[in-house]
A.B. asks: 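Right, I'll just put the structure down here and ask away after.
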Amino acid sequence: MMTGRTTEFVHTRDAVIEVVVEGNGPSVILLPSLGRESYDYDDVAEGLAQNGYRVSRPQPRGIGRSEGPLDNITLHDLAADVAAVIEAQDNGAAVVVGHAFGHYVARMLAADRPELVRGVVVAAGGARHYPAELTTLAVRCADSSLPESERLRHLQTGFFAPGNDPAEWLTGWYPDVSKRQLAASAATPKDEWWAVAYQPILDLQAALDPFRPRETANELRDQLGEVVTVSVIPNASHALLPEAPAQVVRALTDWIRTLDS
């Protein structure tokens with residue numbers, strides 16, 4: 001099935017957001033990880049579009065052809081960019097999938113504009129408190145001045161399960177955007193989004209993710225209750241999307257269908 005792929009541009013009050021769109025049906029929004037582009041979702045987006053969804057991937061400010069201020073912003077600003085995309089598309093409330101850092105933005109949007117969100121997916125979301133050295137590791141993965149062999153070692157340690165090839169993640173990093181996104185997160189009180197759940201949540205975990213130790217597997221459900229569904233993808237780590245796209249598509253599709261039942 002050909003799902004097609006087009007590019008749209010949504011103008012907000014202070015930004016222009018590039019959006020990759022494919023498929024037809026209920027809206028699903030895919031938000032990438034820290035300092036990464038939405039093309040990480042290529043296989044997942046295609047699979048969801050084939051399963052009957054209109055899949056949109058807003059590029060974050062500073063990535064691709066998305067433009068907007070990155071200084072002195074908060075998660076509220078980044079969430080507002082996604083809200084503008086959903087409103088411009090006029091296709092009803094969306095399921096919003098956030099990969100790792102992307103789930104900060106997804107859940108901030110769900111808290112700020114609940115009428116635009118019918119479900120949230122936390123994809124490879126870190127534990128509320130995870131070792132600080134993992135953030136340092138991510139910075140090193142993105143540092144193109146380091147030897148490729150060293151970066152591959154860091155990627156294998158922090159992002160890819162044993163046996164999964166990390167080479168494709170040598171590219172696609174935007175280190176300056178990463179710094180600004182981390183600053184936006186730090187400028188936003190965590191309880192403004194972490195403790196809020198107006199919609200169903202799928203906590204889609206990777207079984208070998210160091211950012212989500214197994215002893216924290218139920219922390220989101222313990223915090224928010226039965227609104228949270230936990231699903232675990234085996235043989236995957238923090239990168240998740242390139243490691244197990246078919247399993248991610250299946251888990252997302254099965255869960256989204258429960259929202260309609």
Side-chain angles (χ1 to χ4, degrees), residues 1 3 20 22-34 36 38-58 82 93-107 109-110 117-127 159-165 168-169 197 199-261:
M1 180 189 302
T3 59
V20 179
E22 55 199 292
N24 294 286
S27 289
V28 179
I29 306 289
L30 306 178
L31 306 180
S33 183
L34 182 73
R36 289 198 59 83
S38 70
Y39 296 115
D40 285 342
Y41 278 106
D42 274 355
D43 291 340
V44 171
E46 181 179 4
L48 289 172
Q50 289 175 346
N51 285 350
Y53 298 99
R54 183 181 186 185
V55 185
S56 300
R57 290 181 277 167
V82 184
V95 170
V96 184
V97 182
H99 177 216
F101 173 84
H103 95 270
Y104 296 12
V105 181
R107 295 186 62 200
L109 170 64
V117 180
R118 69 188 188 107
V120 175
V121 179
V122 176
F159 290 84
F160 285 78
N164 295 340
D165 185 4
E168 64 183 287
W169 265 37
Q199 309 86 356
I201 294 174
L202 173 63
D203 187 1
L204 186 61
Q205 302 173 16
L208 303 176
D209 186 352
F211 287 81
R212 192 66 177 275
R214 289 300 79 205
E215 63 268 20
T216 70
N218 290 316
E219 72 170 7
L220 199 56
R221 186 175 173 87
D222 289 343
Q223 166 94 31
L224 300 173
E226 293 184 0
V227 70
V228 177
T229 300
V230 176
S231 180
V232 181
I233 304 292
N235 193 37
S237 184
H238 200 54
L240 182 57
L241 308 177
E243 296 182 281
Q247 295 94 316
V248 169
V249 169
R250 188 178 309 115
L252 293 179
T253 301
D254 288 347
W255 181 76
I256 293 170
R257 286 173 178 165
T258 70
L259 303 180
D260 301 320
S261 60

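All values below were derived from every heavy atom in this structure, side-chain atoms included, with hydrogens, water molecules and symmetry-related copies excluded.
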A.B. asks: Could you measure the distance from the NE2 atom of H103 to the CG atom of L109? Nearest 0.5 Å is fine.
C.D. replies: 13.5 Å

A.B. asks: Sub-3.5 Å donor-acceptor pair from the side chain of Q199 to the main-chain atoms of A110, do we have one?
C.D. replies: yes

A.B. asks: Kindly compute the distance separating CG (L241) from CD (Q247), expressed to the nearest 0.5 Å.
C.D. replies: 11.5 Å

A.B. asks: Between Q205 (side chain only) and A217 (backbone N and O only), is there a donor and an acceptor less than 3.5 Å apart?
C.D. replies: yes

A.B. asks: On a heavy-atom basis, which atom in S38 and which in P58 lie closest, and how many Å separate them?
C.D. replies: CB-O, 4.3 Å

A.B. asks: Applying side-chain contact (heavy atoms from CB on, under 4.5 Å), run through Y41 and V20 and close with a yes or a no.
C.D. replies: CA-CA 11 Å; Y41 278 106; V20 179; over 6 Å; no

A.B. asks: Taking the side chain as everything from C-beta on, heavy atoms only, tell me whether L48 gets closer than 4.5 Å to L30.
C.D. replies: yes

A.B. asks: What is the ring orientation for H238 with F211, classed by angle as parallel under 30°, tilted 30 to 60°, or perpendicular over 60°?
C.D. replies: parallel

A.B. asks: For the side-chain contact (heavy atoms from CB on, under 4.5 Å) test, which of I256, L259, L252, V122 pairs with L202?
C.D. replies: L252

A.B. asks: How far apart are the closest heavy atoms of G47 and V249, and which atoms are they?
C.D. replies: C-CG1, 3.8 Å

A.B. asks: Who are the side chain to side chain donor-acceptor pair (under 3.5 Å) partners of R36, not counting sequence neighbours?
C.D. replies: D40

A.B. asks: For N164 and N235, indicate whether the former's side chain and the latter's backbone hold a donor-acceptor pair under 3.5 Å.
C.D. replies: yes

A.B. asks: Counting only heavy atoms not in E226, do more than 12 fall under 6.0 Å of its CD?
C.D. replies: no

A.B. asks: Compare every heavy atom of S33 with every heavy atom of A100, then report the nearest pair and how far apart it is.
C.D. replies: CB-OG, 3.3 Å

A.B. asks: With a 3.5 Å distance limit and no angle check, can you tell me whether H99 reaches the backbone of A239 through a side-chain donor-acceptor pair?
C.D. replies: yes

A.B. asks: Is there a donor-acceptor contact under 3.5 Å from the side chain of E243 to the main chain of L240?
C.D. replies: yes

A.B. asks: Quick one: closest heavy-atom pair of D165 and F160, and the distance?
C.D. replies: O-CE2, 3.5 Å

A.B. asks: Who are the salt bridge (Lys or Arg N to Asp or Glu O under 4.0 Å) partners of D43, not counting sequence neighbours?
C.D. replies: none

A.B. asks: Can you check whether R250's main-chain N or O pairs, donor with acceptor, with T253's side chain at less than 3.5 Å?
C.D. replies: no

A.B. asks: Is the shortest heavy-atom distance from the side chain of D260 to the side chain of R118 under 4.5 Å?
C.D. replies: yes

A.B. asks: A side-chain contact here means heavy atoms from C-beta on lying under 4.5 Å apart; do L208 and P162 qualify?
C.D. replies: yes

A.B. asks: For residues P210 and S237, report the shortest heavy-atom separation together with the two atoms involved.
C.D. replies: CD-OG, 3.4 Å

A.B. asks: So do the side chains of W255 and L204 get within less than 4.5 Å of each other, counting heavy atoms only?
C.D. replies: no

A.B. asks: How close do V228 and D203 get, heavy atom to heavy atom, and via which atoms?
C.D. replies: CG1-CB, 4.0 Å

A.B. asks: Do V55 and Q50 come close enough that some side-chain heavy atom pair is under 4.5 Å?
C.D. replies: no

A.B. asks: If only atom types and distance count, is the side chain of R212 paired as donor or acceptor with the main-chain N or O of G125 below 3.5 Å?
C.D. replies: yes

